[in-house]
Number of protein chains: 2
Amino acid sequence: MRGGAGLMVKITDVARHAGVSPSTVSYALSGKRPISDDTRQRVEASIRELGYRPHAGARALASNRSNVLALVVPLRAGIHVPVVMQFAVSVVTTARQYDHDVLLLTQEEGEEGLSRVADSALVDALIVMDVQLHDPRLALLRSLERPSVMIGFPLEPAGLTCVDLDFKAAGELCVEHLARLGHRAVALVGSPPEVYVRQTAFAQRVVEGFTAAADRNGMVSSVHPCEADPAAARAAAERLLREQPALTGVVVHNEAVLEPLVEAFEQLGLRIPGDLSVTAICPDELAGSLRLPVTSVAVPSAELGERAVQLLMRKLNGSDSVPEATLLPPRLTDRGSTAPRDAL
Amino acid sequence: MRGGAGLMVKITDVARHAGVSPSTVSYALSGKRPISDDTRQRVEASIRELGYRPHAGARALASNRSNVLALVVPLRAGIHVPVVMQFAVSVVTTARQYDHDVLLLTQEEGEEGLSRVADSALVDALIVMDVQLHDPRLALLRSLERPSVMIGFPLEPAGLTCVDLDFKAAGELCVEHLARLGHRAVALVGSPPEVYVRQTAFAQRVVEGFTAAADRNGMVSSVHPCEADPAAARAAAERLLREQPALTGVVVHNEAVLEPLVEAFEQLGLRIPGDLSVTAICPDELAGSLRLPVTSVAVPSAELGERAVQLLMRKLNGSDSVPEATLLPPRLTDRGSTAPRDAL
DNA sequence: CTGAAAGCGCTAACAG
DNA sequence: CTGTTAGCGCTTTCAG
């Protein structure tokens with residue numbers, strides 16, 4: 001009843017079976033022109049009965065649309081794998097709602113990979129993650145003529161569509177939260193050094209927001225990049241306590257070390273939130289799953305993926321009013337890892 | 001110089017520019033028939049100069065090959081995200097070496113998703129992860145006519161191509177390692193209960209191997225499914241010590257709890273490996289990155305991905321001698337978390 | 001509301 | 001070694 005590679009049911013088969021022309025079958029499928037109820041039913045019945053599936057390649061050739069999106073995922077050090085995965089799944093799921101599929105590309109393929117899938121019409125549009133402040137792919141994406149959405153904001157986003165959590169506001173929100181609780185000295189435990197070196201936008205922005213808010217509130221602040229392993233976390237904790245005895249508030253923007261860092265603080269004799277208030281910028285699932293849940297600003301990977309696809313769909317449909325910048329406002333969830341400083 | 005959606009350079013343009021026929025360009029590209037050196041050079045120069053990229057859809061239509069593989073990734077609870085991601089990246093990277101791309105599907109799409117991409121000729125072949133012992137997709141995959149490779153072994157793999165780590169042997173290897181060190185009582189801390197309930201092949205096989213080897217060596221053994229969170233890990237550690245005071249060897253097959261479990265044992269006053277020997281079945285990166293590195297049998301995601309693609313390529317090329325079963329032998333790396341029982 | 005027919009860009013016989 | 005040509009299966013004018 002259904003065919004494999006060789007025995008494909010084609011649109012002419014369906015047409016014959018339903019007693020209509022191929023174009024009518026096509027239009028019944030696409031809805032691009034009105035079909036009488038009676039005809040539509042017969043066509044649909046034939047399609048079901050014969051197990052017809054339009055040939056993707058033929059369709060792409062004739063319609064100039066592949067109904068495939070490219071998703072470029074980063075691989076490099078310092079990016080939290082579950083975030084990437086959740087984002088990817090969200091992109092796939094949302095794309096399916098718009099009848100699109102997703103082609104997976106790795107950052108490694110570089111600009112050549114983007115050109116390849118775009119120029120060969122393998123994909124209709126692209127989603128690019130892990131954008132640097134000065135990303136070498138910007139020029140390419142601008143010239144591509146196929147729509148794209150970037151996750152993250154480069155320094156010069158003009159002419160491109162970007163979506164991201166407002167990481168600067170997220171940094172600020174954490175600090176303001178601590179400020180309201182009366183804390184006077186805060187530290188940011190950030191991403192691994194290499195992330196800053198390669199000028200990853202979101203890491204940099206957190207630092208900006210963190211510092212700005214601390215300054216604004218007259219707080220003492222410091223920033224500490226941290227490698228993504230437990231030993232580094234422990235070392236960072238020790239160093240923090242040694243160098244800044246007055247410290248009462250910490251913001252962690254580094255998924256990999258959040259848990260070991262909290263454990264280290266406790267093993268060093270600090271109670272949380274009694275002696276030290278801790279906030280994080282990380283996925284809610286992570287913050288909530290710890291032995292000691294952490295108050296955090298969510299990195300909403302799933303929502304970002306959904307937004308990215310929706311924006312692309314609007315661009316593909318020629319909608320003219322697609323915003324260049326979409327900054328999701330940070331939302332802080334209190335999980336009890338922060339307390340008023342007066343408590344001391 | 002290079003075209004966007006509308007201004008595509010096509011094979012006839014290249015042909016004219018190089019002063020040859022379209023078929024010659026096609027053959028120069030595919031190598032499917034001999035081309036004189038001179039002609040080939042002219043064609044290649046024209047391709048470069050015009051920035052020609054073959055239209056993927058047209059190619060798929062004419063050649064009956066899309067050069068795209070489908071990869072179905074699992075989403076469900078109890079699967080370790082980094083393993084999936086590393087596997088996916090390995091599949092993409094390897095596929096590129098064979099000039100193929102990878103379409104990402106989620107398990108959620110189910111059998112319908114498989115049929116869709118296979119029957120529409122969107123993909124040439126499929127890779128399916130997270131196979132259950134009685135996987136509902138088996139029948140479909142057998143009937144599909146497009147080649148597929150499964151990661152994992154169902155109970156009835158006849159007619160299908162499967163690749164996996166030999167999890168049974170992995171379980172055995174861990175136990176044998178402990179037996180050789182003189183341990184007499186061992187416990188397996190396994191995957192979350194739901195993983196066993198849904199009869200995930202690899203989890204089951206580890207239990208088999210673990211138990212068989214323990215019995216063979218006259219050891220006392222027990223199996224403990226464990227939820228994938230730190231609290232559960234701690235609870236499991238306490239329970240183990242309470243219920244089995246004679247316990248001196250533990251095998252952990254649960255990436256999510258390895259680290260908290262080890263920490264819990266230590267906090268409960270056990271030195272590793274002095275009082276307790278710990279081994280794990282998990283990615284080498286995880287075992288090696290812990291504060292206290294753990295002796296482990298590697299789950300070789302990257303190699304599995306590579307193998308899967310290679311097998312598919314052989315099947316696509318009509319190679320007849322493609323093995324139905326590929327079981328990678330387990331390899332144990334000693335990281336010092338095990339010691340002779342005599343030391344006690 | 002429906003049909004007929006002209007391609008979409010490429011590959012693979014077939015012919016030389 | 002190279003050219004000519006007939007499709008691949010679908011969409012979309014153009015006609016009615």
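Everything quoted here is computed from the prediction, not taken from an experiment. Convention: sequence-line order gives letters A, B, ...; per-chain numbering from 1.
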> In terms of side-chain heavy atoms, does A:Ser23 have a donor or acceptor partner in A:Ser26 at a distance below 3.5 Å?
Replying inline: no
Using a cut-off of strictly less than 4.0 Å, decide whether [X] has a side-chain nitrogen or oxygen near OP1 or OP2 of [N].
| X | N | value |
| --- | --- | --- |
| A:Thr24 | C:dG3 | yes |
| A:Arg59 | D:dG9 | no |
| A:Ser63 | D:dT11 | no |
| B:Lys32 | C:dA12 | yes |

> Which residues, if any, of residues 35-44 of chain B bring a heavy atom under 4.0 Å of DNA chain D?
Replying inline: B:Ile35, B:Ser36, B:Thr39
To check you understand the geometry: which heavy-atom pair defines the closest contact between [X] and [Y], and what is its length?
| X | Y | value |
| --- | --- | --- |
| A:Val9 | A:Leu50 | CG2-O, 3.4 Å |
| A:Met129 | A:Arg137 | O-NH2, 3.4 Å |
| A:Gly19 | A:Arg42 | O-NH2, 3.9 Å |
| B:Gln86 | B:Ser301 | OE1-OG, 3.6 Å |

Whole-Å distance between [N] [atom2] and [X] [atom1]?
| X | N | atom1 | atom2 | result |
| --- | --- | --- | --- | --- |
| B:Lys10 | C:dT11 | NZ | C1' | 16 Å |
| A:Met8 | D:dG7 | CE | C1' | 14 Å |
| A:Arg65 | C:dG9 | CZ | C1' | 18 Å |
| B:Leu29 | C:dG9 | CG | C1' | 13 Å |
| B:His55 | C:dC8 | NE2 | C1' | 7 Å |
| B:Leu50 | C:dG9 | CG | C1' | 15 Å |
| A:Asn64 | C:dC10 | CG | P | 12 Å |
| A:Ile11 | D:dT11 | CD1 | C1' | 8 Å |

Check ion pair [X]-[Y] (N to O, under 4.0 angstrom):
| X | Y | result |
| --- | --- | --- |
| B:Arg53 | A:Glu112 | yes |
| A:Arg146 | A:Asp119 | no |
| A:Arg307 | A:Glu303 | yes |
| A:Glu108 | B:Arg96 | no |
| A:Asp13 | A:Lys10 | no |

>> Considering every strand and a 4.0 Å limit on heavy-atom distances, what is the contact class for A:Ser26: base, sugar-phosphate, or nothing?
In response: base
> Counting any heavy atom closer than 4.0 Å, what does B:Val25 reach on the DNA or RNA strands: base, sugar-phosphate only, or nothing?
Replying inline: nothing
>> Using C1' atoms of five pairs at each end, report the bend of the helix from C:dC1-D:dG16 to C:dG16-D:dC1 rounded to 10 degrees.
In response: 30°
>> More than 12 heavy atoms of other residues, nucleotides or ligands under 6.0 Å from CG of B:Asn317: yes or no?
In response: yes
>> Is it the case that over 12 heavy atoms from other parts of the model lie below 6.0 angstrom from the CD atom of B:Glu156?
In response: no
Polar pairs (N or O, both sides) under 3.5 Å between protein and nucleotides 13-16 of chain C?
{"from": "C:dA13", "atom 1": "N7", "to": "B:Tyr27", "atom 2": "OH", "distance (Å)": "3.4"}

